[in-house]
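These notes are about the structure you will find just below.
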Amino acid sequence: MAKLTYLEAIRQAQFDEMQRDPTVFLMGEDLVCNVFGTATGLVEAFGTERVRDTPISENGFIGAAAGAAMVGTRPIVDATISSFLYPAMDQIISIIAKSRYIYGGQARLPLVIRSCMFYGNSNAAQHSDRPYSMFMNVPGLKIIVPSNAYDALGLLRAAIRDDNPVLCFEDSTCWSGKMDVPEDPDFMIPLGCGDIKQEGSDISIIAIAGGVPLAMKAAKKLAKDGISAEVIDPRSLVPLDIALILQSVRKTGRAIVVDPAHQNCSAASEISAQIVEHAFDALRGPILRVATADTHLPFSPDIEKPLYPTVDRIIAAASQLVRSDTRMKA
Amino acid sequence: MAKLTYLEAIRQAQFDEMQRDPTVFLMGEDLVCNVFGTATGLVEAFGTERVRDTPISENGFIGAAAGAAMVGTRPIVDATISSFLYPAMDQIISIIAKSRYIYGGQARLPLVIRSCMFYGNSNAAQHSDRPYSMFMNVPGLKIIVPSNAYDALGLLRAAIRDDNPVLCFEDSTCWSGKMDVPEDPDFMIPLGCGDIKQEGSDISIIAIAGGVPLAMKAAKKLAKDGISAEVIDPRSLVPLDIALILQSVRKTGRAIVVDPAHQNCSAASEISAQIVEHAFDALRGPILRVATADTHLPFSPDIEKPLYPTVDRIIAAASQLVRSDTRMKA
Amino acid sequence: MTDISNSNALEKLRRMLRIRHFETVAEAIHAKGEIPGALHTYAGQEASGVGTCIVLRNDDYMVGTHRSHGHPIAKGAALRPLMAELLGKATGICKGKGGSMHLSDFSVGSLGETSIVGSGVPVAAGAGLGSKLLGNDRVTLCFFGDGATGEGAFHEGMNLAAVWKLPVIFCCENNGYAVSTPSSAGVPVKHMTDRAKAYDMPSAQVDGQDVDAVEAVMAEAVARARSGGGPTFIETLTYRYADHAVNMGRVLLDRGDEVDEWKKRDPIDLYRARLLDSGVAADVLARIEDEVSAEVADALQFARDSAYPTQAEAFDDVFVDRLPIPAFVQI
Amino acid sequence: MTDISNSNALEKLRRMLRIRHFETVAEAIHAKGEIPGALHTYAGQEASGVGTCIVLRNDDYMVGTHRSHGHPIAKGAALRPLMAELLGKATGICKGKGGSMHLSDFSVGSLGETSIVGSGVPVAAGAGLGSKLLGNDRVTLCFFGDGATGEGAFHEGMNLAAVWKLPVIFCCENNGYAVSTPSSAGVPVKHMTDRAKAYDMPSAQVDGQDVDAVEAVMAEAVARARSGGGPTFIETLTYRYADHAVNMGRVLLDRGDEVDEWKKRDPIDLYRARLLDSGVAADVLARIEDEVSAEVADALQFARDSAYPTQAEAFDDVFVDRLPIPAFVQI
Ligand SMILES: Cc1ncc(C[n+]2csc(CCOP(=O)(O)OP(=O)(O)O)c2C)c(N)n1
Ligand SMILES: Cc1ncc(C[n+]2csc(CCOP(=O)(O)OP(=O)(O)O)c2C)c(N)n1
Ligand SMILES: [Mg+2]
Ligand SMILES: [Mg+2]
């Protein structure tokens, strides 16, 4: 076991995979200067051909990743901040998500696009995006949302070895968390396997990325109030481990979805819709979403922070569900 | 009353508003040659300055619409096919949706971005997109989805007069439908007002854009089976007339959402999540989504068509809900 | 000029004829409803595709556009899977899932048409980057139209190729129009080659109706790319005979007698005449034409005889593994 | 060269000093935690912003970048609302909702910084289009960095302006770096002005440390734009003293003694010397500096004394009408 932060875990996965497989390479803006610390030592180990600084042209180099993948390499793109994916939407959707299909399986696109969700820190509306739900609406893209260092290592390694395009959304609110991770260089978490972060019996809290630590804290406090919360981390949104979620909800009869993204058409909305569609009979009350208010993120810190999910909001939602339960337990 | 097709209604709204307000102008690729028939006579009436062919550069001219709006004009952008919005995502999200906010209300962006959803007709995966749910996840964009000529005229006219950015998604499966529309040049449908397209008491079918005519046909057939369906057309997705939807679901106790877009993180998912959150106690069964299968749209016509919502699928969903109703009516 | 001892000489004619015949048949059966969707034909531009592709090896790469029936054929693709694709058949090169706007043939390095204007340029840069990283000497040829040079994707792909000195040849097929928009209305420079100046990229403008001339500039570009000298921008001056497309909105345009003028310099007629001038016997040419005719007829027959894809196939190739199929889909 | 009878002469100094003092103070209080978020300073580049903006009328437009503390000041914005904005106060020019990366002042035509690299270029083209359609003679000035020229948005905005002959001046502030990437690694041409060749756009490269020289090329460009002659591309050769940003990842970079070398040609020092040479009395300059100091101190005091926005304000300005406020938000 090694103790790594989330950022170090990302670096580790990249390092190990580049060492294991010479066709893996990394590109992005200002990689070499290692802005966020996920590239420590990579240039020294692999040189600037395989750790490649790009011009500022997200659509260009993300599209180039597609082309490079089609001819036999396995690119990892570090797109830095998720907000910078918008200029590249066309290559991500029209090319990366669709090429294998429109060419009837002739193309293979083993590539990873990493970006961090840089919110909660007064970076204002243009730098605070958490846009994974947009990509969930597009078939052909796998999506991972690690919430801690262990998952980041295991998921990212699996993503790099996956023969499909994978988007990795890294939550900056989780960056500094340190934890034990396996040293086995083949340690992987298969995409599509959710994780029960804490078992419980009264309510299921499905939490995404930075929502997970909040949910864990809320669960602790709820326990003191005699409410036993089960915390589920889907870990990948495509594929989504809906079986695990439904199993939990069938047990508890109550569900909250915690999602740091804007609420409208969010992953939380999707998970809620799937629960009501497939586990309606088990539900003892509404499914509540604890997501970000559907306004932009303002710069001024005091008015920014209350817009996101908070521990208090999760506790309030859970208490409301348990207290106002109008149906009898089956 | 005049009888207009959906395309003619769009043309009419544009014509009337350009005539009424000299700051309204229209731009897009190959407008002058009037590819889809929404620009008939416009060049003749207003000249090529105000009916402006653009180079092929969606991000450029959609961004230019933002700039032009900020300095006092009211642009209508004809982005032709919705699939071509992807190259312009950055300007739509980072600039158009956010400028008013990040500049603290100094900017005003009265502009409309029109595009048609060109699906169901063997145009393959790169030309068949229906991406409105992505934009619903972004605060700051109003979204209209007219399902017939009457609504198209009233909604588009209101959109052009709106002081906020509005995206208009035009469903090509509705293009040819002809109907009576008011000749009053001030006829408008306020954004955020849904419409009960047919009253009913057993089940609420909330249908979006091209889903509406399907829902209407399904409702007719269901009536023959003794099932009385209420068909609700939200008409605008932002703002969403959730009050109207909840009112209907509280009455019927059952809900289906018909959405021609991909199901994952769709508008249908959002509507389902809102219903379960706010009208859980009224629900007599699961909320079912009849949306497009989460695969790409293939070229070959016989395997493309069954992926979309169909009348049969709506009927099957409705029948399932009514038949398997396990709870007693309140 | 034409060296008929060059084994390519007759092959160039054959490939141009293949494209012409293939599309003539495609248009005819599209009109009868046998081909669904839209059709953007390449007739008139054959020398541009063939003059460039003929220089490439089978293992070199090529990226096309929405107007790319000709490109995979020029690159050496077999006709049967292409025709079957147009008809939406399971034996199509894309299993019937791509259609006219996505013809391709990865087995001959044709990495596919993409019908989002300009979107192939970054992909081509990436293929070049891949070759560079893998250390092979393959080059990538990227086609796009005059109109495509307005797109940001064009700019970014060109810029990457220039900064990284990638082995990519960018071929701008300037047919004078983007749908209804004359080049002059969408592009502020007189010569597309001026676009290359923003990247300090070597460029050449060439008569796109003259397959030999195209071949000559392409040979230079390929030599440069293969030897690590970086990218080249080629502008082929050419013309499309048909309207922008059929079955994709109303895209008629009155071009006066322009079409007739250009037909006087039809690339196939020009080249046939040159071959005859150079001493190739008329019956040799006639035999080639017959063979091509038969090939296309065979491809059509094959396509017609082929089955449509099954419904389950709609869920294949989204990912490497088949998607779960929703209950409502009958398979 | 400097004509001190020109009423602009001292104003140029004043504006450069305003920028320098404003940022010196901002950096200091940012370090103490009084300013949240990141800070990208403009110190070293003042002559570029002032030399261009000084030529503009109040009703002309200007579009900035992530590095735009200097631009609205150069355009004539009052300091109080700008400083208050940096501190996230309700009296800020953006009501505290934009911060350092969105300084602006629509009342003086400063249409705002946008912190997505390159994204201001289409907006500027659009402002130019708006002026053209409205029939006024306002011009728009668009700032961006050397790195931004890699973006598709840059290309598309430039192309539109060129095709439509819009009254826009594109000012590429070439400070040698994009974050850590030297211009030469991200841009394949030696001179940014070569980028303009792709649009057949007139261009000029100018010493960006010399405010008079910048003013002279800008005056020509503005005259062209105002008289319907279309856009111009100006490259100002300049340098930023500080690291790319503070509080935005780790963006340190060893630039050797480059910074010291450039500081020898500090735009304010250069211009001050020139004014003295031209016969302006030293105490006139000293008085201006004192006034600017006081102005900045006043702005800081104003900012500090101002209230933060209320929570409800977070729901204003998404649309013209306030959004409904969700129940969980305490207001
Ligand atoms: C991003 C995008 N915008 C618009 C279109 C619609 N469209 C298809 S082809 C075309 C014109 C392309 O012109 P050009 O690049 O010159 O190629 P040509 O058709 O002349 O071969 C347009 C605008 C598209 N397919 N993709
Ligand atoms: C689309 C986008 N990509 C990346 C970034 C991150 N970023 C911020 S500033 C910058 C460098 C810009 O360089 P340049 O245009 O030369 O401006 P300078 O900072 O030198 O003034 C980068 C890469 C961004 N803000 N937006
Ligand atoms: Mg063309
Ligand atoms: Mg720079």
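Throughout, a chain's letter reflects where its sequence line sits, starting with A, and its residues are numbered from 1.
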Looking at chain B, which one of K89(C), M248(C), K95(C) has the largest number of heavy-atom pairs inside 4.5 Å, strictly under?
M248(C)

Interchain contact, P36(C) with chain B, by part (heavy-atom threshold 4.5 Å):
both

If we only count heavy atoms from C-beta on, is the R313(B) to F328(C) side-chain gap below 4.5 Å?
yes

Measure the shortest side-chain to side-chain distance between F299(B) and C94(C) over non-hydrogen atoms and say whether it is less than 4.5 angstrom.
no

Counting heavy-atom pairs closer than 4.5 Å to chain C, which one of T295(B), V290(B), D30(B) comes out on top?
D30(B)

dist I331(C):CD1 -> I303(B):CD1 (nearest 0.5 Å) comes out at 12.5 Å

Pairwise distance CZ(F36(B)) to CZ(R250(C)) - rounded to 0.5 angstrom
11.5 Å

One pair to check against side chain to side chain donor-acceptor pair (under 3.5 Å): Q126(B) and S115(C). What are the steps and the verdict?
CA-CA 7 Å; Q126(B) 284 186 334; S115(C) 61; 2.8 Å; yes

Inter-chain contacts: residues 300-308 of chain C against chain B, heavy atoms under 4.5 Å
Y308(C)

Taking side chain as C-beta onward, heavy atoms only, is P306(B) less than 4.5 Å from Q311(C)?
yes

Most contact-rich option vs chain B, by heavy-atom pairs under 4.5 angstrom, among K97(C), E151(C), H244(C), is E151(C)

d(S122(B) OG, I35(C) CD1) to nearest 0.5 Å is 11.0 Å

Interface residues of residues 181-194 of chain C facing chain B - non-hydrogen atoms under 4.5 Å apart:
T181(C), G186(C)

Drop me the distance from I56(B)'s CD1 to F154(C)'s CZ, to the nearest 0.5 angstrom.
12.0 Å

Contacting region of E58(B) [heavy-atom separation from chain C under 4.5 Å]:
both

So CG of L307(B) and CZ of F315(C): to nearest 0.5 Å the spacing works out to 5.0 Å

For residues V318(C) and H296(B), determine if any side-chain heavy atom of one lies less than 4.5 Å from a side-chain heavy atom of the other.
yes

Counting heavy-atom pairs under 4.5 Å with chain B, which one of G96(C), A38(C), P324(C) comes out on top?
G96(C)

Less than 4.5 Å to any heavy atom of chain B: does that hold for the side chain of I116(C), its backbone, both, or neither?
both

If we define contacts as heavy-atom pairs under 4.5 Å, which of A148(C), S100(C), G99(C), A312(C) has the most with chain B?
G99(C)

Looking at S180(C), G118(C), G147(C), which one has more heavy-atom pairs under 4.5 Å with chain B than the rest?
S180(C)

At what distance, to the nearest 0.5 angstrom, does CD of Q330(C) lie from CG of D312(B)?
9.0 Å

Region of Y86(B) that comes under 4.5 Å of a non-hydrogen atom in chain C:
neither

Under a 4.5 Å heavy-atom cut-off, does chain C meet the side chain of N121(B), its backbone, both or neither?
backbone

Honestly, the part of T310(C) sitting under 4.5 Å from a heavy atom of chain B is backbone

For V179(C), is it the side chain, the backbone, both, or neither that has a heavy atom closer than 4.5 Å to a heavy atom of chain B?
both

